[in-house]
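Step one of this worksheet: look at the structure below.
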2 protein chains.
Amino acid sequence: MSGPAAKKQRTQPQYELLYHPGIPGRGEYIRLAFEAAGVSYSDVANEKDTGYDEVKAAMDPKATNIEGGNPVIFAPPALRVPGAGKDGSSPLLIFQTPNILSYLGPKIGMTPDNEADALHVNALALTALDLNNETHDTHHPVAPIKYYEEQKNEALAKATDFRESRIPKYFSFFERVLKGNEATGQGKYLVGDKISYADTTLWQVVDGLKFAFPKEMAAREKEFPLLFGTFYSSVKEEKGIKEYLASKRRLPYSMGIFRHYEELDRE
Amino acid sequence: MSGPAAKKQRTQPQYELLYHPGIPGRGEYIRLAFEAAGVSYSDVANEKDTGYDEVKAAMDPKATNIEGGNPVIFAPPALRVPGAGKDGSSPLLIFQTPNILSYLGPKIGMTPDNEADALHVNALALTALDLNNETHDTHHPVAPIKYYEEQKNEALAKATDFRESRIPKYFSFFERVLKGNEATGQGKYLVGDKISYADTTLWQVVDGLKFAFPKEMAAREKEFPLLFGTFYSSVKEEKGIKEYLASKRRLPYSMGIFRHYEELDRE
């Protein structure tokens, strides 16, 4: 079990994250929400020797039904919550990163109470996750299960468009959201005056992009002063996040969604 | 104003869909949820001469703030609900297709009451929308704003992988979900025993794929008997959907997400 806040732990269910071991990946969006909330969770594949077998069993590509009447899972990450299933005793097992975030948000204090704000947080997290997906496609524009080297020419074309057209479109959008909320959020929060899962999700995408495209990001920083100057630095120092980033639980980027290929970055 | 059910109309807010005119696109996922629910809505850009100007004004790419404290919009579709904003009098304005669907679902009867079932519906709708996005990328694998003809070679490679690897992965998944719920849903519903926005969303993706890749779909029908034999035909006959598909409100596919290019289809 990881995460701080033994205090909250006693009143929370035992949340279990099911994801691939050894990489941040899409699991990181779930981890950051828990860590910022100070809510304990189990990162099954990274914490137990047999953990990844459990994860793979839950994603069996031949299964039609999972314990407790949960439908089968398309892809990790998934979240298992013992005792929260439909019958009140089986585990609840859900998947899709934004679905897990919008489920957890109100329960762990990472979604604003106001309905309108909560909807805006969800839209912004979904948009940051779209940028995450487009980042993945820069190194895998043709076939997700083939090697990068087999689609390198297409990747060069895709990454160029991504850097020149998509990055400024997304960053301009988030800069304007931060600007629109500046009186309340001081450039530190996308919605309202405290951290939400939209903030942790966008932060992780920006952090991953800084790893994958360091030259492009360095060249663009000044164009988006709130996003890089205020938001990025501030979320990094948030209670829970700061401790997490310094811990062993924070895994290094490698061959996941955020990959650094020098030839795909700005020259 | 479109949609049937004048009865429900009186007790529902005036929902306004903001989307491009003339194409089904991502707006269709919202339309189908309303139509299956029998809840009236206004399709602003298709119904008023000045409608598209209103849509474009709401998506102003330079704006930082929108009426009523709503953040700016990244891309259509968006939903406007007069009087539902944070202050109780301004409009609520939200975007991101899955965000709009999960917001509307419980209000218009397209989400199951049970929390576990509602979460499963949301995950399945998100997964169908991922398939929608991958379909778009078959004709635009490099640059969303450039012409197909400028990325045709990459599109041929992408569409081949999509047909040979992604389509069977997604369809096998949804077939197994239908199988797992067969005792309750009779192959007609993904979750539970009545239609949800997961069903209308998956149906639209399958329908769009039948338009875009007719040979591939015809060749695969027998592999997925519940999905094609039961689910697809049954949703098409659902109350609300049947009438909608026969109406002028149902727009033909053309140059949107679902496009038919013979060279991208199976030979």
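The analysis underlying the following values was restricted to heavy atoms, covering all of them including side chains, and did not include hydrogens, waters or symmetry mates. Letters A, B, ... mirror the listed sequences (proteins, then strands); counts begin at 1.
Only the backbone of A/I73 comes within less than 4.5 Å of a heavy atom of chain B; no side-chain atom from C-beta onward does. For A/L93, the part sitting under 4.5 Å from any heavy atom of chain B is the backbone (N, CA, C, O) and nothing else. Residue A/L92 touches chain B through its side chain alone, counting heavy-atom pairs closer than 4.5 Å.
In terms of modelled atom types and a separation under 3.5 Å, the side chain of B/N99 and the main chain of A/L126 share no donor-acceptor contact. With B/R166 contributing its side chain and A/P144 its backbone, the two residues share no donor-acceptor pair below 3.5 Å. The closest donor-acceptor contact from the side chain of A/K158 to the backbone of B/P141 lies under 3.5 Å.
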Checking B/V142 against A/F162 for the side-chain contact (heavy atoms from CB on, under 4.5 Å) test, could you report, in this order, the C-alpha distance in whole Å, the side-chain angles of both residues, the deciding distance, and whether it holds? CA-CA 8 Å; B/V142 173; A/F162 178 75; over 6 Å; no

Show the numbers, then the answer: is there a ring-ring contact (aromatic ring centres under 6.0 Å, His included) between A/F74 and B/F174? CA-CA 9 Å; A/F74 184 71; B/F174 286 115; 7.2 Å; no

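By number of non-hydrogen pairs under 4.5 angstrom with chain A, the leading residue of B/K146, B/K179, B/E154, B/H120 is B/H120. For the set B/T127, B/I94, B/I100, the count of heavy-atom pairs under 4.5 angstrom toward chain A peaks at B/T127. Chosen from B/P61, B/A118, B/A159, the residue pairing most often with chain A at heavy-atom distances under 4.5 Å is B/P61.
For the pair A/N181 and B/P71, the minimum side-chain heavy-atom distance is 4.5 Å or more. Contact annotation: the side chain of A/S102 approaches that of B/N122 to within less than 4.5 Å [non-hydrogen atoms, C-beta and beyond]. Here the side chains of A/K86 and B/D117 are in contact, with some heavy-atom distance below 4.5 Å. Between A/D130 and B/Q96, some side-chain heavy-atom pair lies under the 4.5 Å cut-off.
The pair B/E175-A/K62 does not count as a salt bridge, with every side-chain nitrogen at least 4.0 angstrom from each carboxylate oxygen. Taking 4.0 Å as the cut-off between side-chain N and carboxylate O, B/K107 and A/E115 count as a salt-bridged pair.
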